[in-house]
Amino acid sequence: MDEINKLISTTLQSNPLTHFRLKNLSALAETTEDHISRLGMGLSMASGRVDADWLPTPINSEIEIGRWIGKQLRGRTLFKDDLTLWMALALRHQTPSDYEEWRLILRSHWERGVEMLAKVSAEEDDWLLVVKSCLPN
């Protein structure tokens, strides 16, 4: 229970590239970065295990992103009232051993999912097509 309270109160810091992507995706979708973050995290968790030290990789259109800083996102904002659900989804593929590893795994899923959305949006300029391409056939 202590880990849950810590995670809901934590602040996750993204890589600057993830922040850049969140801005672009939220503009494309005409929604908040928080919504994009949760969608991305779900996509990543559906894709399986993620390394705790996972880092985003620029795609061709992102070689020069300028001077961005990482996005800070509060656990309460990202997880809402669903932290135990997010934790259960993560446990399908891996078993974080302590609070710090939980933080790293959840952050990695968040950033990997945003990258997955960014890769699709590099090919599609219609948000509905981006979302449709993420659905299983």
Point-to-point distance, once rounded to the nearest 0.5 Å, from [atom1] of [X] to [atom2] of [Y]:
{"X": "Cys134", "Y": "Lys119", "atom1": "SG", "atom2": "NZ", "answer": "12.0 Å"}
{"X": "Trp127", "Y": "Glu30", "atom1": "CH2", "atom2": "CD", "answer": "11.5 Å"}
{"X": "Leu117", "Y": "Ser44", "atom1": "CG", "atom2": "OG", "answer": "10.0 Å"}
{"X": "Glu111", "Y": "His19", "atom1": "CD", "atom2": "NE2", "answer": "11.5 Å"}
{"X": "Asp98", "Y": "Glu3", "atom1": "CG", "atom2": "CD", "answer": "6.5 Å"}
{"X": "Leu7", "Y": "Tyr99", "atom1": "CG", "atom2": "OH", "answer": "6.0 Å"}

request  = Name all residues meeting the side-chain contact (heavy atoms from CB on, under 4.5 Å) criterion together with Asp126; count only those two or more places apart in sequence or in a different chain, and write none if there are none.
outcome  =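 Asp126 satisfies side-chain contact (heavy atoms from CB on, under 4.5 Å) with Leu128, Leu129 once adjacent residues are dropped.
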
request  = For Ala52, check side-chain contact (heavy atoms from CB on, under 4.5 Å) against everything at least two apart and list the hits.
outcome  =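 Ala52 satisfies side-chain contact (heavy atoms from CB on, under 4.5 Å) with Leu104, Ile105 only.
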
task = May I ask you to test the Arg107-Arg103 pair for a side-chain heavy-atom distance under 4.5 Å?
result =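 No, their side chains stay 4.5 Å or more apart.
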
ask   = Is any side-chain heavy atom of Met87 closer than 4.5 Å to a side-chain heavy atom of Ile4?
value =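 With C-beta onward as the side chain, the pair touches.
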
message = In this structure, would Val114 and Trp54 fall into the same cluster of hydrophobic residues linked by side-chain contacts under 4.5 Å?
response =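 No, Val114 and Trp54 fall in different hydrophobic clusters.
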
request  = Decide whether Leu91 and Leu78 are clustered together by the hydrophobic rule: side chain heavy atoms of Ile, Leu, Val, Met, Phe, Trp, Tyr closer than 4.5 Å, transitively.
outcome  =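 Linked within one cluster.
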
Any residue meeting side chain to side chain donor-acceptor pair (under 3.5 Å) with [X], in chain and number order, not counting sequence neighbours:
{"X": "Lys80", "result": "none"}
{"X": "Ser133", "result": "none"}
{"X": "Asp34", "result": "none"}
{"X": "Thr84", "result": "none"}

request  = Compute whether any side-chain donor of one residue and acceptor of the other, for Thr11 and Gln72, lie under 3.5 angstrom apart.
outcome  =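 Side chains of Thr11 and Gln72: no pair found under 3.5 Å.
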
ask   = Does CG belonging to Asp125 count more than 12 external heavy atoms closer than 6.0 Å?
value =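 Not buried by this count: 12 neighbours or fewer within 6.0 Å.
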
task = Check the surroundings of atom CG in Leu85: do more than 12 heavy atoms from other residues, nucleotides or ligands lie under 6.0 Å from it?
result =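 Enclosed.
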
Taking all atoms of both residues into account, what is the closest heavy-atom pair of [X] and [Y], and its distance?
{"X": "Leu43", "Y": "Met116", "answer": "O-CE, 3.8 Å"}
{"X": "Pro16", "Y": "Trp68", "answer": "CB-O, 3.3 Å"}
{"X": "Val130", "Y": "Ser121", "answer": "CG2-CA, 3.8 Å"}
{"X": "Arg21", "Y": "Pro56", "answer": "NH1-CB, 3.5 Å"}
{"X": "Met45", "Y": "Leu89", "answer": "SD-CB, 3.5 Å"}
{"X": "Trp86", "Y": "Met41", "answer": "CD2-CE, 3.2 Å"}

Worked verdict on Trp110 versus Leu22 for side-chain contact (heavy atoms from CB on, under 4.5 Å) = CA-CA 11 Å; Trp110 168 39; Leu22 282 167; 3.9 Å; yes

request  = Carefully, step by step, assess Val50 and Gln94 under the rule side-chain contact (heavy atoms from CB on, under 4.5 Å).
outcome  = CA-CA 8 Å; Val50 67; Gln94 57 203 115; 3.9 Å; yes

query = So, the side chain of Ser108 versus the backbone of Asp51: is there a donor-acceptor pair under 3.5 Å, distance only?
reply =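 Judged by distance alone, yes, a pair lies under 3.5 Å.
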
task = Run the salt-bridge test on Arg112 and Glu115 with the 4.0 Å N-O cut-off and return the result as yes or no.
result =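 A salt bridge is absent here (no side-chain N lies under 4.0 Å from a carboxylate O).
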
request  = Could you please spell out the steps behind the side-chain contact (heavy atoms from CB on, under 4.5 Å) verdict for Leu73 and Glu33?
outcome  = CA-CA 10 Å; Leu73 187 57; Glu33 294 174 21; over 6 Å; no

